[in-house]
Amino acid sequence: MIDPRILRDDPDRVRAAQAKRGLPADVVDRALSADTARRESISAFESLRAEQKQLGKQVSRAQGDEKAALLDRTRALAADVKTAEARQAEAEAAWVETLKEIPNLAADEAPAGGEDDYTVLEHIGTPVEFDFEPRDHLELGRLLGAIDVERGAKVSGSRFYFLTGVGAQLEFALVNLANETARDHGFTQVIAPSLVRPRAMDGTGFLGQAADDVYRIEGEDLYLVGTSEVPMAAYHSDEILDAGSLPLRYAAFSPCFRKEAGSHGKDTRGIIRVHWFDKVEMFVYTTIEDSFAEHQRLLSIEKAFLDKLELAYRVIDTAAGDLGLSAQRKFDCEAWIPTQGRYRELTSTSNCTDFQTRRLDTRARFPDGTRHVATLNGTLCAIPRTIVAILETHQLEDGSVRVPEALRPYLGGVDVLKPVDVG
RNA sequence: GGAGGCGUCGCCUAGUCCGGUCUAUGGCGCCCGCCUGCUAAGCGGGUUUGGGGCUACAACCCCAUCGAGGGUUCAAAUCCCUCCGCCUCCGCCA
């Protein structure tokens, strides 16, 4: 959630931020009055409670009639304290609930507007031109014996797949390349749990508007994560970190699960949009002041990774309305998908500043006090979409696929994936 | 899955049986100061976190915080219940 102090001291800034995202600003006034109500209820409770404590001390010292009289008074007071405490808890909860409706304040640099109002920052590489009719990744995957969506659907339903043979090898190769890249940049490798408690899910902002997209385990208080951003953001929850330990850079591997509710009919062919995939995700804890430079750093690592895969892509600066609840700014790298004739998101990096750490209570001790830290996340490699881009971009006329040089060491030195006879 | 034990303000720890004197003890570490040729030792002080009031976002005063949440009571670290976590043993199992 946002800093309550900003809301109190500069509500107009929050109103402007809502407008930039195309959201109503009435929540600002609701939050302000909830704050007032909360503070009043706190004062009411605290003064009663102080009185109760004073009387309590007298009770323990008093004797006989005096004690009986005190007990009479204090019995009545106890009831008042109880009601006041309940009122305070209520007011506090109402305030938090309202505050949580307000998304992170978008960066000044982020373009205003919705999904289509992004700014293209740059184009890298040139989209491939073929002198033959290119096959889409599904067909290539079939020829190579790499992707099996029919059996995926049979076993698990639509939007599921098996990666087989070189498909499976490609996943391991990409994961290994991603991990090595992460290590080179000083990230600690992590394998994160993909089932989490509500606290982690809610703390990262995924139980808000995005709740429809989240799988819940029946009969348990657990959710399947849609990204390892969730366990990694919760990793240091309720902790006060040593400021000297920052930045903390993690590269977490985990499966990701998404219901894809509301995207019926979209990307139904292939493995562009699936209910489950594996991903290596960068996650960083740092100071708010350093977070902006760190965001650029994450972007540059993502770009370098796509460069290694010899893909053509563009970088966009996502508009405020498309940032999601937690982010203050977001850059997407979109790779050119030849058979779709357009750019598709492969990686995405967000600066969430102190939005998530306020909810999850992650702070650091600085020389001048304890403050919430910033969190950032960035995709290093989301497997299926990366495989799609590689297969389609590097395909040859006979259905073979050239392996980008950087990936060859992880594929036993193979430079071309060749069609196989499949049964 | 069954049985038992444990969880105290960075770490260790006293307190819990028998509720009020707990404004939570002591040690270690850390910070400030004194002392000292330097260092060490010694001496003195400080050292959870969040919130409210008042304000200069200081000082100060107050409230909460003994794993979390409820309950009993005038009063809960202490009694009761639920949950979470850790440990030990048994069973089962990759």
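Per chain, numbering begins at 1; letters A, B, ... match sequence-line order.
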message: Within this structure, what is the OG-CZ distance for the pair Ser263(A) and Arg159(A), rounded to the nearest 0.5 Å?
response: 4.5 Å
- request: Under a 3.5 Å limit for both distances, which nucleotide forms a Watson-Crick or G-U wobble pair with G7(B), could you say?
  value: C84(B)
Enumerate all atom pairs, one protein N or O and one N or O from nucleotides 60-63 of chain B, separated by less than 3.5 Å.
from   : atom 1 : to       : atom 2 : distance (Å)
C63(B) : O2     : Glu46(A) : OE2    : 3.4

field: Inter-nucleotide C1' distance (G26(B), U39(B)), Å rounded
entry: 28 Å
Length of the CG-P vector between Leu48(A) and G52(B), whole Å: 18 Å
field: Qualifying residues under salt bridge (Lys or Arg N to Asp or Glu O under 4.0 Å), relative to Asp3(A), sequence neighbours excluded
entry: Arg358(A)
message: Quick check on the 6.0 Å ring-centre criterion: do Phe160(A) and His275(A) meet it?
response: yes
Inter-nucleotide C1' distance (G27(B), A14(B)), Å rounded: 11 Å
- prompt: When rounded to the nearest Å, what value does the distance between P atoms of A3(B) and G91(B) take?
  reply: 15 Å
Interface residues of residues 1-12 of chain A with RNA chain B (non-hydrogen, below 4.0 angstrom): Arg8(A)
query: C1' atom, C12(B) versus G29(B): distance in rounded Å?
result: 11 Å
message: If you only use heavy atoms from C-beta on, which nucleotide in U49(B), G52(B), C74(B) is closest to the side chain of Arg38(A)?
response: G52(B)
query: With both distances kept under 3.5 Å, what pairs with C43(B), Watson-Crick or G-U wobble?
result: G33(B)
field: Donor on one side chain, acceptor on other, Ser237(A) and Asp361(A), under 3.5 Å
entry: no
Pair partner, A14(B) [Watson-Crick or wobble, under 3.5 Å]: none
message: C74(B), OP1 or OP2 - any side-chain N/O from Gln52(A) closer than 4.0 Å?
response: no
task: Answer yes or no on whether Arg249(A) is positioned over the face of Phe283(A), meaning its NZ or CZ is under 6.0 Å from the six-membered ring centre and within 45° of the axis.
output: no
task: Rounded to whole angstrom, note down the C1' distance from G50(B) over to U65(B).
output: 8 Å
Show me, pair by pair, the donor-acceptor contacts under 3.5 angstrom made by side chains of residues 73-92 of chain A, not counting sequence neighbours?
from     : atom 1 : to       : atom 2 : distance (Å)
Thr83(A) : OG1    : Ala79(A) : O      : 2.7
Thr83(A) : OG1    : Asp80(A) : O      : 3.3
Glu92(A) : OE2    : Arg38(A) : NE     : 3.2

N/O contacts under 3.5 Å, protein versus nucleotides 66-71 of chain B?
none

field: Distance, nearest 0.5 Å, that separates CH2 of Trp95(A) from CZ of Arg39(A)
entry: 9.5 Å
- prompt: If only atom types and distance count, is the side chain of Ser228(A) paired as donor or acceptor with the main-chain N or O of Ala192(A) below 3.5 Å?
  reply: no
message: Could you tell me how far apart Arg199(A) (CZ) and G85(B) (P) are, to the nearest whole angstrom?
response: 14 Å
statement: U72(B) -> Watson-Crick or G-U wobble partner, both distances under 3.5 Å, gives none
field: Set of residues satisfying side chain to side chain contact (heavy atoms under 4.5 Å, CB included) with respect to Lys308(A), sequence neighbours excluded
entry: Leu177(A), Thr181(A), Ala406(A)
Sort me out a list of protein N/O and nucleotides 20-25 of chain B N/O pairs below 3.5 Å, or just none if empty.
from   : atom 1 : to       : atom 2 : distance (Å)
G20(B) : N2     : Gly56(A) : O      : 3.4

query: Within this structure, what is the CD-to-C1' distance between Glu85(A) and A76(B), rounded to whole angstrom?
result: 13 Å
message: For A75(B) and Arg73(A) - does any side-chain N or O of the residue sit under 4.0 Å from the phosphate oxygens OP1/OP2?
response: no
query: Using atom C1' of each nucleotide, how far apart are U82(B) and U21(B) to the nearest Å?
result: 33 Å
query: Does any pair with a residue in residues 189-232 of chain A pass ring pair (Phe, Tyr, Trp, His ring centres under 6.0 Å), and if so which ones, sequence neighbours excluded?
result: none
field: Qualifying side chain to side chain donor-acceptor pair (under 3.5 Å) pairs with a residue from residues 96-108 of chain A, counting only residues at least two apart or across chains
entry: Arg30(A)-Glu101(A), Lys100(A)-Asp202(A), Asn104(A)-Thr353(A)
query: What residues form a side chain to side chain contact (heavy atoms under 4.5 Å, CB included) with Glu218(A), not counting sequence neighbours?
result: none
Atom-pair distance (CG on Asp242(A); C1' on G29(B)), nearest Å: 14 Å
message: Suppose you measure atom P in A68(B) against the same atom in C74(B); what distance do you get, rounded to whole Å?
response: 25 Å
message: I'd like to know whether Asp267(A) forms a salt bridge (Lys or Arg N to Asp or Glu O under 4.0 Å) with Arg344(A), so could you lay out the CA-CA distance, the side-chain angles of the two residues, the decisive distance to 0.1 Å, and finally the verdict.
response: CA-CA 11 Å; Asp267(A) 299 312; Arg344(A) 301 299 308 266; 2.9 Å; yes
Identify every side-chain donor-acceptor pair in residues 49-57 of chain A under 3.5 Å, counting partners at least two apart or on other chains, and give the distances.
from     : atom 1 : to       : atom 2 : distance (Å)
Arg49(A) : NH1    : Gln52(A) : OE1    : 2.7

field: Separation of Leu299(A) CG from Cys333(A) SG (nearest 0.5 Å)
entry: 5.0 Å
- request: Within residues 357-375 of chain A, find the residues that approach RNA chain B with a heavy atom at under 4.0 Å, and present them sorted by residue number.
  value: Arg363(A), Arg365(A)
- prompt: Looking at OH of Tyr250(A) and CZ of Phe187(A), how far apart are the two atoms once the value is rounded to the nearest 0.5 Å?
  reply: 11.5 Å
- request: Counting Watson-Crick and G-U wobble pairs only, both distances under 3.5 Å, name the nucleotide matched with G19(B), or none.
  value: none
Distance between C1' atoms of G20(B) and C81(B) (Å, rounded): 24 Å
- prompt: Any ion pair linking Asp238(A) and Arg199(A) (charged N to carboxylate O, less than 4.0 Å)?
  reply: yes
message: Between the side chains of Asp35(A) and Arg8(A), is the shortest nitrogen-to-carboxylate-oxygen separation below 4.0 Å, so that they form an ion pair?
response: yes
